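Read the structure below first, then the notes.
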Amino acid sequence: MKFSNLLFNSLKESPKEAKIVSHQLMLRSSMIRQHTSGIYTWLPLGFKVLKNIENIVRYNQNKIGCNEMMMSTIQSSDLWKKSGRYSDYGKEMLRINDRHDNELLYGPTNEEVITDLFSDYVNSYKGLPKYLYHIQWKFRDEIRPRFGVMRGREFLMKDAYSFDLDHESAVETYKIFFKSYLQTFIDLGLQPIPVKAATGAIGGDLSHEFQIIAKTGESELAYDPELVSQNLLNKSYEEITSMYSASDEMIDKNRSNVVIGRGIEVGHIFNFGTKYSLPLECYVLNNEGKKVFPHMGSYGVGVSRLTAAIIEAFHDENGIKWPFNISPFKINIITSTHGSNNEVAEKLLEKLTLKYGNVSYDDRDLGMGRKIKDSELIGIPWSIIIGKNYEENKQLEITNRSNGEKSFLTESEVESFKFEQYTP
RNA sequence: CGGGGAGUAGCUCAGUCUGGUAGAGUGUCUGCUUUGGGAGCAGAAAGUCGCAGGUUCGAGUCCUGUCUCCCCGACCA
């Protein structure tokens with residue numbers, strides 16, 4: 001992608017409404033634009049990031065046998081009346097009446113819809129367990145949206161739902177999702193802290209939040225320092241959950257040897273048994289021909305929130321520092337003197353794009369300083385400057401966004417350079 | 001919903017107290033210069049001052065109403 005084709009307009013100053021760094025940087029780098037309170041347009045750069053995160057989440061869900069599907073954003077109120085949540089959910093739920101005066105709502109979550117759907121499609125215990133998910137926009141009419149996409153009203157969420165024959169197997173499923181979530185957040189370059197959670201409006205008896213440590217996080221955290229010093233992927237569910245962690249009002253103030261911090265909740269998993277299968281009459285026949293109500297769980301990841309959380313984790317005074325696999329562009333080619341190196345840049349753009357997918361070339365007629373500043377602001381992992389060093393001795397200057405290290409390579413060396421070996 | 005603040009150019013803001021032709025910086029556009037860290041000079045375009053009423057010869061400014069946005073608290077991915 002050439003910058004001349006990109007809808008992009010960097011801001012030197014932060015719009016005044018942005019209070020936290022991720023919101024400021026997302027506005028300054030043309031990732032998002034606010035449409036109205038808590039509702040945003042995702043501009044090309046932001047949308048690329050969102051898709052990249054979504055794909056990492058998707059990959060990990062598919063890996064555990066979860067079926068991707070797509071449920072509607074608008075739902076009918078009748079299922080919610082059956083589950084009892086039409087009244088329980090309160091003003092957070094955006095309610096809409098259609099022209100026939102039927103009561104509709106913009107889905108804040110999908111337990112009702114998926115349970116109803118599942119009961120139509122699976123009638124035998126042989127169809128269990130089943131995992132289903134979608135990545136869809138949700139709407140919750142937050143009392144006070146804030147911090148940009150961190151707490152928007154409209155947000156993109158991956159929500160998965162599991163159906164198991166009994167409590168025991170539902171708990172096994174819960175553990176599978178638990179481990180998969182750790183892997184997902186680690187793949188996103190983050191250090192997740194699983195925290196035992198209150199179950200809130202979703203209900204249930206077993207629930208964990210996945211928190212990312214950040215000064216600007218909305219939750220207060222207290223946790224065993226061992227949780228962040230060890231590779232959680234090598235530990236069992238039991239080992240991990242035996243380590244202390246708690247958030248907000250669940251924190252035991254008398255406990256010592258804990259780290260106190262703040263976190264951003266990027267995932268939340270629930271096991272809630274038959275809370276929805278019973279009222280919605282979702283059942284299968286067991287091996288004795290008797291009705292059994294599946295034990296369910298739901299598993300959410302805040303995809304749009306993750307864009308902000310990752311920026312909170314990876315930035316410096318010059319801008320964002322995207323992890324390689326999340327960055328909107330992996331490499332940014334910059335030319336200095338106008339015109340003279342365009343052909344070299346275009347060829348390189350073509351070759352690197354074939355290899356890495358999203359690569360950009362800043363072909364704007366602007367000074368070098370401005371282009372470098374924009375590259376740093378956007379947070380592109382690598383920049384390749386084709387300038388003085390190229391004209392003098394055919395060297396390309398490769399700069400690492402994270403540590404600022406520069407190397408000078410020939411064109412063929414650049415082609416074999418391991419750009420993917422980058423940490424933010 | 002309670003408490004606080006703000007709506008004036010794409011962005012950051014001045015002007016409002018004390019009514020009298022709509023301002024600055026930055027960004028944008030044009031030309032020349034420049035070309036390794038948001039560069040310089042000259043010129044230009046750009047706002048029905050959130051909206052609706054009212055007072056007045058005259059309202060960005062005063063009065064009334066209204067909408068929106070932001071911040072602090074209680075809910076949530």
Side-chain angles (χ1 to χ4, degrees), chain A residues 9-20 23-24 27-28 30 33-39 53 57 88-93 107-110 135-160 181 185 197-202 207-212 217-219 247-249 263-270 298-309 318-319 334-341 362 364-377 383 385-392 397 399 404 406:
Chain A
N9 202 355
S10 65
L11 298 176
K12 216 172 192 175
E13 295 167 291
S14 286
K16 62 176 172 181
E17 72 266 18
K19 304 295 172 189
I20 64 170
H23 191 193
Q24 292 169 345
L27 291 169
R28 286 186 53 206
S30 284
R33 186 172 170 93
Q34 179 165 327
H35 178 244
T36 186
S37 180
I39 299 178
I53 293 171
V57 172
D88 292 354
Y89 223 93
K91 292 193 168 179
E92 296 254 304
M93 181 186 280
T109 179
N110 285 65
I135 300 173
Q136 176 65 293
W137 293 92
K138 307 290 189 294
F139 193 92
R140 293 184 190 169
D141 199 358
E142 295 285 340
I143 300 169
R144 188 155 84 85
R146 63 184 126 178
F147 301 150
V149 299
M150 193 79 88
R151 173 159 306 284
R153 293 194 292 172
E154 188 179 68
F155 58 97
L156 187 61
M157 180 164 91
K158 186 286 296 179
D159 43 324
Y181 268 39
F185 295 122
T199 50
I202 312 280
S207 178
H208 282 89
E209 296 166 354
F210 291 79
Q211 296 273 355
I212 302 304
E218 291 188 273
S219 318
S247 68
D248 298 325
E249 69 279 359
I264 300 166
E265 185 188 348
V266 291
H268 202 156
I269 62 177
F270 302 87
S298 74
Y299 315 87
V301 171
V303 176
S304 48
R305 173 180 288 182
L306 271 165
T307 60
N318 294 317
I334 296 172
T335 44
S336 59
T337 54
H338 50 221
S340 60
N341 291 320
D362 194 342
R364 297 175 296 173
D365 186 16
L366 293 172
M368 172 74 72
R370 172 74 176 278
K371 293 188 187 184
I372 293 172
K373 286 282 182 194
D374 278 347
S375 193
E376 288 173 344
L377 175 65
S383 60
I385 295 178
I386 308 176
K388 264 199 307 222
N389 283 299
Y390 185 78
E391 279 139 39
E392 288 163 12
E397 177 180 327
T399 308
K406 296 181 195 301

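Letters A, B, ... mirror the listed sequences (proteins, then strands); counts begin at 1. Note that the coordinates shown come from a computational prediction; the quantities given were computed from them, not determined experimentally.
- Distance noted for atom C1' between B/G25 and B/A9: 12 Å (whole Å).
- At B/A77, none of the side-chain N or O atoms of A/Thr109 fall inside 4.0 Å of OP1 or OP2 (strictly under the cut-off).
- The side chain of A/Arg146 approaches B/C72 more closely than any other nucleotide in the set B/C76, B/G25, B/C72.
- Of the listed nucleotides (B/U26, B/G37, B/A77), B/A77 has the atom at the smallest distance from the side chain of A/Ser304.
- A gap of 8 Å separates the P atoms of B/U26 and B/G40, to the nearest Å.
- On the C1' atoms, B/C63 is 33 Å away from B/G73, given to the nearest whole Å.
- Across all strands shown, B/A9 has no partner, as no Watson-Crick or G-U wobble contact with both distances under 3.5 Å is found.
- OP1 or OP2 of B/C70 has at least one side-chain nitrogen or oxygen of A/Gln34 nearer than 4.0 Å.
- Side chain A/Arg151 to base B/C76: a donor-acceptor pair is found below 3.5 Å.
- For the pair A/Ser219/A/Gln211, a side-chain contact is recorded, criterion being any heavy-atom separation below 4.5 Å from C-beta on.
- Classified by interplanar angle (parallel below 30°, tilted 30° to 60°, perpendicular above 60°), the ring pair A/Phe185/A/Phe210 is tilted.
- Put simply, A/Ser14 has no side-chain N or O that comes within less than 4.0 Å of OP1 or OP2 on B/C11.
- Atom-to-atom, CG of A/Asp374 to P of B/G36 comes out at 17 Å; the value is rounded to the nearest Å.
- Regarding A/Gln211, its CD atom lies at a distance of 10 Å from the P atom of B/A77, rounded to whole Å.
- If you check B/C11, B/C71, B/G37 against the side chain of A/Lys373, the one that comes closest is B/G37.
- Counting only distance, with no hydrogens or angles, the side chain of A/Arg28 and the backbone of A/Leu11 share a donor-acceptor pair below 3.5 Å.
- Nucleic acid contact class of A/Val266 (heavy atoms, under 4.0 Å, all strands): sugar-phosphate only.
- For the side-chain hydrogen bond (donor to acceptor under 3.5 Å, both in side chains) criterion with A/Asp159, the lone passing option out of A/Lys138, A/Gln136, A/His268 is A/Lys138.
- Using the Watson-Crick or G-U wobble rule with both distances under 3.5 Å, B/C51 pairs with B/G65.
- Using a 4.5 Å cut-off on side-chain heavy atoms (C-beta onward), A/Glu397 and A/Tyr390 make no contact.
- Across all strands shown, B/C72 is found opposite B/G2 as a Watson-Crick or G-U wobble partner, with both distances under 3.5 Å.
- Remark: B/A22 base-pairs with no nucleotide in the shown strands. Criterion, Watson-Crick or G-U wobble with two distances under 3.5 Å.
- In this structure, A/Phe147 atom CZ and B/C69 atom P are separated by 17 Å, rounded to whole Å.
- Here the closest heavy-atom approach between residue A/Ile334 and residue A/Met368 is recorded as CG2-SD, 3.9 Å.
- Of the two residues contacting RNA chain B, namely A/Glu218 and A/Tyr390, the nearest-nucleotide position lying further toward the 5' end is that of A/Tyr390.
- Residue A/Lys16 has its side chain nearest to B/C13 when only B/C13, B/G25, B/C75 are considered.
- Residues A/His23 and A/Leu27 are in side-chain contact: their nearest non-hydrogen atoms beyond the backbone lie under 4.5 Å apart.
- Summarising the geometry, the separation between CD1 on A/Ile20 and C1' on B/C71 is reported as 13 Å, rounded to the nearest angstrom.
- Between the C1' atom of B/C11 and the CG atom of A/Leu377 lies a distance of 14 Å, rounded to the nearest Å.
- Across B/G37, B/C75, B/C70, the shortest atom-to-atom separation from the side chain of A/Ser37 is found for B/C70.
- Base engagement by A/Ile385 is indicated by at least one non-hydrogen atom pair under 4.0 Å involving a base atom.
- B/A14 and B/A77 have their P atoms separated by 39 Å, given to the nearest Å.
- We find that CD of A/Glu142 is positioned 13 Å from P of B/C70, with the value rounded to whole Å.
- Here, B/G54 and B/A59 have their C1' atoms 11 Å apart, quoted to the whole Å.
- Counting all heavy atoms, side chain and backbone alike, A/Lys158 lies closest to A/Ile135 at CG-CG1, 3.7 Å.
- On the C1' atoms, B/A6 is 15 Å away from B/G60, given to the nearest whole Å.
- Remark: A/Arg28 is not in phosphate contact with B/G27, judged by side-chain N or O atoms under 4.0 Å from OP1 or OP2.
- When the C1' atom is used for both B/U55 and B/U64, the distance is 11 Å, rounded to whole Å.
- A/Gly148 comes within contact range of no nucleotide atom at all, as no heavy-atom separation falls under 4.0 Å.
- Atom NZ of A/Lys388 is separated from atom C1' of B/G37 by 11 Å (rounded to the nearest Å).
- Taking side-chain N and O atoms only, A/Arg144 has a distance below 4.0 Å to OP1 or OP2 of B/C71.
- Here A/Gly267 lies in heavy-atom contact (under 4.0 Å) with sugar-phosphate atoms only.
- The residue among A/Ile372 and A/Glu17 whose nearest nucleotide of RNA chain B lies closer to the 5′ end is A/Ile372.
- Look at B/A46: it lacks any Watson-Crick or wobble partner with both distances under 3.5 angstrom.
- Taking the side chain as every heavy atom from C-beta outward, A/His208 and A/Tyr181 never approach each other to under 4.5 Å.
- Out of B/U12, B/C69, B/A77, the shortest distance to the side chain of A/His268 is found at B/A77.
- Across all strands shown, A/Lys19 has heavy atoms under 4.0 Å from sugar-phosphate atoms exclusively, and none from any base.
- The nucleotide B/G31 finds its pairing partner in B/C41, both defining distances of the Watson-Crick or G-U wobble pair being shorter than 3.5 Å.
- Taking atom CZ on A/Arg364 and atom C1' on B/C29, their separation rounds to 16 Å, with Å as the unit.
- B/A46 and B/U30 are spaced 16 Å apart, taking the P atom of each and rounding to whole Å.
- Looking at heavy-atom distances under 4.0 Å, A/Glu265 makes contact with sugar-phosphate atoms alone, never a base.
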